[in-house]
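All remarks here apply to the structure that follows.
Source: prediction; values computed, not measured. Just so you know, residue 1 is the first one in the sequence shown, and it goes up from there. Values reported hereafter were calculated over all heavy atoms of this structure, with side chains retained and with hydrogens, waters and symmetry mates removed.
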Amino acid sequence: MNILVTHVLTKMEEEIAKAKHTSSPQALREHMYAVRALCDVILQQPPTIVATQPTTKERLDIDGDANGPSLLDF
């Protein structure tokens, strides 16, 4: 099973936010155990990091040249 690290980190952030807003010590412990379990999920698998490539919408102007600009033109 392939789990994205970013998804797990998002879930961890949600649990931490819930822990910050609880008034019960028992509920705080439950949220912290959930964070610990999510950490274990990340540490037990090789992380899947998705590299994004910048997208450019700039087109090259090839001036009617069928092959485009050449590196060998001096």
Using the test side chain to side chain contact (heavy atoms under 4.5 Å, CB included), find all partners of [X] that sit at least two apart in sequence or belong to another chain.
X	answer
Glu14	Thr10, Lys11
Ala37	none
Gln44	Asp40
Ser24	Thr22, Gln26, Ala27

Exercise. How far does CE of Met32 sit from NZ of Lys18, to the nearest 0.5 angstrom?
Worked result: 11.5 Å
For this session: Only counting residues at least two apart or in another chain, list the ones meeting side-chain hydrogen bond (donor to acceptor under 3.5 Å, both in side chains) with Arg29.
Result: Tyr33
Problem set entry | Results of salt bridge (charged side-chain N to carboxylate O under 4.0 Å, His left out) for Glu13 - residues two or more places apart only |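 Checked Glu13 against salt bridge (charged side-chain N to carboxylate O under 4.0 Å, His left out); zero matches.
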